[in-house]
Structure formats: structure tokens, C-alpha cells
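Taking it in order: structure first as C-alpha cells, then the write-up.
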Amino acid sequence: GAVVSQHPSRVICKSGTSVKIECRSLDFQATTMFWYRQFPKQSLMLMATSNEGSKATYEQGVEKDKFLINHASLTLSTLTVTSAHPEDSSFYICSASLSSGGYNEQFFGPGTRLTVL
Amino acid sequence: DQQVKQNSPSLSVQEGRISILNCDYTNSMFDYFLWYKKYPAEGPTFLISISSIKDKNEDGRFTVFLNKSAKHLSLHIVPSQPGDSAVYFCAATAGGTSYGKLTFGQGTILTVHP
């Protein structure tokens, strides 16, 4: 299947700093990318949907000024956690969709473990 | 509000036997359901899916059953193999503006013993 990478895989930062996470589709062009967050022993929660060249659509309860999403190209989306706090510590996973449709054509990255001290 | 629930955090099965993972949902707008498998330090990988117009879908050792009236689906793995040991997530999505947005359950850790 298609490959999606995330960088970094693990990051530790101080409270108040900003962290950028990259999501890349390595061998296909992704018109849509999704960002999820997973807290320990909980399910993956969708944070936002981003389409290349347009503003991201955020889920209810997700602060768009805190979680900045940029989808500048068909192979790259970035999530920036601004002014991170310990409660933002979580596992962040992106997924990329091959086309505008196809439920089974959503490929997930390996995730990024964020720890805010 | 947990719209997709996997009430069993873990399941242990002997190699060669059947593994049955269960999932319940509450949102009647869901019309497509998927199962994902996840190994540690990796993202989920797609396993099998089922549309709400069907009640069964089979792919090799994996079969998904959907009971719409009970809002329940299950994943059967037979025969189970040690390599199947992983976390299994069920996910659901609805049509319309929610197309492509997946709502996940909490996951079930499957351990298959040799």
C-alpha cells in the first residue's frame, strides 16, 4: 500500500514552545489529509481535515489557533502545536487519502509522540 | 460522547482458534465501517470494511459481520495466527459532509498464543 511518513516520531519540548509535525505521502499525491490525536487507552480522535491549498476544517472543540495546519502541497501537511502545554502531550497521527473518495484508501502515518514538560 | 465503542480492552486466543472482536456504535448515520490493525510505533493499517447495505464481508481469514438493528459489528479471524497479535480498531463513517471522517473505537489488544 501507499506510504505515509511522519517526522519527528518523538518530540519532547518545554511548556510554551511550539512544535511542528510533518506528514508526507511518499509515493502518492494526497488531496486530503487528516490529523488525529490519541490519548492513552483512548481512541483516535479526529482533529481536522485539510485539503491541499485550502484552509483546514477543524472538529468541534479543537482550537484552530492552537493547532495550525498547513497543507501547502499534495504530499505534505504540517501540524504546529503552538504554545504547547502538558495537556497537549499526546500521540498525533496523520492520514492521507488517495482521492476525494474511497474509504479504504486512507493511509496512516506512524504517529508522533509529543511530550510537553 | 463515544459513538463507537469497543468494550473489550483485550482478548487472548490460542493459535488456530477463532478470534472475535466486537464493536458497537450509536450513531445511526454511520453507513460504512472499517477495521484497522495497529502494531506498536506504527500507524493503523486497513484490514477490511463493510457497507451498511451488507451484513457480511469476507476477505481470506478475516470476516466482518454487521447487525444494523443492534448497531453492532464484529471481526472474525480464523484461524488466528501469532502474527495477528496487535491492536484492532473499528471505525465508522457517514456519508454527506462527514464523508471520509473516521470515528474510531478505543481499540482491542489481541494476543494470539502459539
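The analysis underlying the following values was restricted to heavy atoms, covering all of them including side chains, and did not include hydrogens, waters or symmetry mates. Bear in mind that the values here come from a model prediction, so they are computed numbers and not experimental data.
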N/O donor to acceptor pairs below 3.5 angstrom from side-chain atoms of residues 55-64 of chain A, sequence neighbours left out:
from     : atom 1 : to        : atom 2 : distance (Å)
Tyr58(A) : OH     : Phe67(A)  : O      : 2.6
Tyr58(A) : OH     : Ile69(A)  : N      : 3.3
Glu59(A) : OE2    : Lys101(B) : NZ     : 3.1

Is it the case that one hydrophobic cluster holds both [X] and [Y], taking links as side-chain heavy atoms less than 4.5 Å apart, direct or via other members?
X        : Y         : value
Ile48(B) : Ile77(B)  : yes
Phe89(B) : Ile109(B) : yes
Leu66(B) : Leu34(B)  : no

Answer yes or no: are there more than 12 heavy-atom neighbours, outside His7(A) itself, under 6.0 Å from its atom NE2? no
Other residues, nucleotides and ligands only: do more than 12 of their heavy atoms fall within 6.0 Å of CZ on Arg10(A)?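 Atom CZ in Arg10(A) is not crowded, with 12 or fewer foreign heavy atoms closer than 6.0 Å.
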Can you find a heavy atom in the side chain of Leu102(B) that is under 4.5 Å from one in the side chain of Tyr36(A)? yes
Note, Phe108(A) side chain near Phe46(B) side chain (heavy atom, < 4.5 Å): no
Partner chain B: residue of Cys94(A), Ser9(A), Gly109(A) with the largest heavy-atom pair count (under 4.5 Å):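 Result: the option with the highest number of such pairs is Gly109(A).
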Please classify the contact of Ile93(A) with chain B as side chain, backbone, both or neither, using a heavy-atom distance under 4.5 Å. side chain
Contact summary for Gln106(A) and Tyr36(B), nearest pair of heavy atoms: O-OH, 4.1 Å
To the closest 0.5 Å, what do you measure between CD (Gln3(B)) and OG (Ser43(A))?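 It comes to 10.5 Å.
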From Met45(A) CE over to Phe104(B) CZ, what is the distance, rounded to the nearest 0.5 angstrom?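 With rounding to 0.5 Å, CE (Met45(A)) is 11.0 Å from CZ (Phe104(B)).
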So for Gln2(B), is it side chain, backbone, both, or neither that comes closer than 4.5 Å to the heavy atoms of chain A? side chain
